[in-house]
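Remarks on the structure that follows.
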Amino acid sequence: MPSIIRMENIVKRFPSVLANDHVNLEVEEGEIHCLLGENGAGKSTLMNILYGLYSHDSGKILIRDREVRFRGPADAIANGIGMVHQDFMLIPVFTVVENLILGAEPVKGFSLDLEKAREEIANLSEKYKLDVEPTAYIENISVGMQQRVEILKLLYRGAEIMIFDEPTSILTPQEVDELYKIMNFLRENGKTIIFITHKLKEVMEISDRVTVLRDGRVIDTIDTSSTNPHELARMMVGREVLFRVEKPSVRIGKRVLKIENLHARNQRGLPALNGVSLDVAEGEVVGIAGIDGNGQTELVEVLSGLRKIDRGKISLYDRDITNFTPKELIDMGIAHIPEDRRLRGLILDFHLYENLILGFQDNKPFRRGVILDLKRVKEWSSELVEDFDIRPRDIDVNAGSLSGGNQQKVVIAREFSRNIKLLVASQPSRGLDVGATEFVHNQIMRVKAEGKAVLLVSLELSEVMNLSDRILVIYEGKIQAEFDPKKTTESEIGLVMAGGHV
Amino acid sequence: MSRNINESVLTAFKVLVAIFLAFLFGYIVLYIMGYDPVVAYGSLIKGAFGSKRGFAETLISTTPLIFGSLGFILAFQCGLFNMGLEGQIAIGGIVAAYLGYTIPGLPPFIHITICIIGAAAGGALWGLGPGFLKARFGIHEVIGTIMMNYIAFDVSSYLVSTHGPMKDRLTDMPASPFIHDSAKIIRIWKGTRLHWGIFLAIFFSFVVWFLLFRTRIGYKLRAVGKNQFAAEAGGINVPRYMILAMVLSGLFGGIAGGVEILGIHYRLFAAFSPGYGWDAIAVSLLGLLSPIGIIGSAFLFGFLRSGSILMQAIAGVSKDMISVITGVIIFFMGMSDPVGNFIKDKLLRKLYGNSV
Ligand SMILES: Nc1ncnc2c1ncn2[C@@H]1O[C@H](COP(=O)(O)OP(=O)(O)O)[C@@H](O)[C@H]1O
Ligand SMILES: [Mg+2]
């Protein structure tokens, strides 16, 4: 196979880091090539260079053996390269067609020829089985669909080489399967795909070859068929990674959380929880498995005081805490890892030390009359940053500048740093790489080992299986079944998750 | 730490560049319009700094601009846009004037304090309304505050109109009676109208800074402003802090108006504020929304205001030219990121290599 892209000795330095350190990458025509690496390994940077967004300090880029110099994405597009970014670049109040023609509007006389564009886009959508409705408004379609609009945009602009930057991180498992189908179909139609990810499973499932990046350097490029997840993990992290978490053996103690017949509605006022009952005991991890949108979000919101309930009762150590405020629940000893840490967990424009006290701003020892005792706050934060290995070790930086894994560490450090009775963790490893996921799991096990109760909600079935003592499956706002993770299989649980019966 | 210092130096640099570019722009506009820019700018500076009176007037305009900007910043730090400062200034003026001429026989310090507290309370009440509507019903605070402006303007013209309850019967002017001497803020520079208010304004700048960045209330208020969802999850009562921010914001608008009456005009008349409440928005932006930064930007705006009078007289350039320049400063501020990055990327990097 001829190589369609060759990047040779690419060096890119940012003020604080060497993001790409003499990187060599060779991509063959018609393959799906994975770029694997932990957050911050330099994957996006390398691809932004290829796409003409960043200029490299040194090195060469060759396309079909011809050296190119891109001054911007327009040059890359002209050379048949397209990229779908981690954050989409679509205008919500425009239709699909209007978004796609932006910048290259077809004209008829003095007016836009929308009809011609619509037809062309509809044809492309059909040809590549993207199932996109050209006249739909972006704000009305799902995230998965928006991603397909981005793919359609590349096709519309005639891309032959398509770069997908962590496309699966925002998708539901079903949408991921859809995306795989589309990628395979694109490959069959002669497109070349560069697929960025930090998930080993995805590399194994979809790619032909994989290039592993670590700390800005290429570790190796290998055929996917000749490797395995363990080897890839070792290359990616630079050390041996345990996939199974060591579950500490703890005596299950008194009942901590008890939820009885809980009813609550979602954001749109529709019933989301329809009689959930469950309990969690000391030293126990109870996992909630289910497909997204079956009431998990609402359940966690109720338990953190962010959502009022219609009916039912919640108690903590037999004390009624139904409809307590977030503040009351925090003070009662309920820790909360929200599913969206950037929205609910952190204030991105706040310093780390400000984030590390969110929730206890009014408690001792930070409270000194009306004053927030910054000296104490900073001392305490410095300790946490050290204990939880948060990088950079600088409490003055803003939370928004941290990688996802380190952001999650900030949330965990804050929530675990006090005397808690119950941990409610929602998708605690979402968007994290292998190393960070391992850290989060170990921390949850530490909480268990201390005899605390843990309610774990996750869309990743494997996570629930690995960490829980009991698994409850939620479907349409109700607990449908309970499983013992030692005596069940993923497919058995999956069936109930999809609404089937045991 | 060194990085933080670098960043603030760079930001300060950007502000200066924006100001410089705006004046350059004004220079060109003046030239095109057929004026002599050198004479115009010369008289502007001379008007503001060339005489004792001019300099005093600069500081006199600076005072309400500082108070107003403190109000704007307090709302803004909580993620709210207070467009009602001009109305809050009007209310503050009404209350201060009323208390100033109705209560007789008090020692000055006590009388002035009562008047200022009254003005603050009036402004706070004017902020409370929109704050409550926002927190309780989600009605946008811009709409609420602008609505309250109209009410304030109309109330204030009515009060001093021919048959208005605060109208001074001894004159034909639509104005209230003069306040008692005991309510007048003491003047501190003979032959000028400069009064203690400027020190009060600077003092409150530090108070607001302390409130925002050193107290628990400030922490919570800023948390709501930066991310109300995380704030809510962190146990902060979001509606309560939104209301509080608007109340504090209005409070400073009220003080701005009150001090203006007690220190300068000594009586109420309609539209006694020449738009300080609007200028405060620009002052806040130029001051990088920092309670300390706005001392500098308020001074700049005060200078422009006071200098423009002489500029109009000598160079024949309309005072409105100043609005153009201030508008352009804000425009360049808005562009200061691209501009600043350009300077950083192209110039500093050339000088210092890649280590910038
Ligand atoms: N625009 C930028 N300015 C400064 N540093 C950056 C920029 N983009 C990325 N970096 C840094 O470069 C490194 C590699 O980042 P990136 O390419 O985004 O990693 P990945 O996509 O593999 O997660 C990180 O340390 C990141 O903080
Ligand atoms: Mg990336």
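Chain letters run A, B, ... following the sequence lines, proteins first, then strands; residues in each count from 1.
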Aromatic centroids of A/Phe388 and A/Phe416 separated by under 6.0 Å:
no
Pair B/Gln88, B/Asn82: side-chain N/O donor-acceptor within cut-off below 3.5 Å
yes
For each of A/Leu348, A/Leu329, A/Ile357, tally heavy-atom pairs with chain B at distances under 4.5 Å, and name the one with the top tally.
A/Ile357
Interface moiety of A/Leu346 toward chain B, non-hydrogen atoms closer than 4.5 Å:
backbone
Turns out that what part of B/Phe210 lies under 4.5 Å from chain A's heavy atoms comes down to side chain
On the ring face of B/Phe132, is B/Lys134 found with NZ or CZ under 6.0 Å from the centre and within 45° of the axis?
no
Proximity of A/Phe366 and A/Trp380 rings by center, below 6.0 Å:
yes
A/Phe350, CZ: over 12 other non-hydrogen atoms inside 6.0 angstrom
yes
Heavy-atom distance under 4.5 Å to chain B: side chain of A/Leu343, backbone, both or neither?
both
By a 4.5 Å heavy-atom criterion (distance strictly below it), what part of A/Arg414 contacts chain B: side chain, backbone, both, or neither?
neither
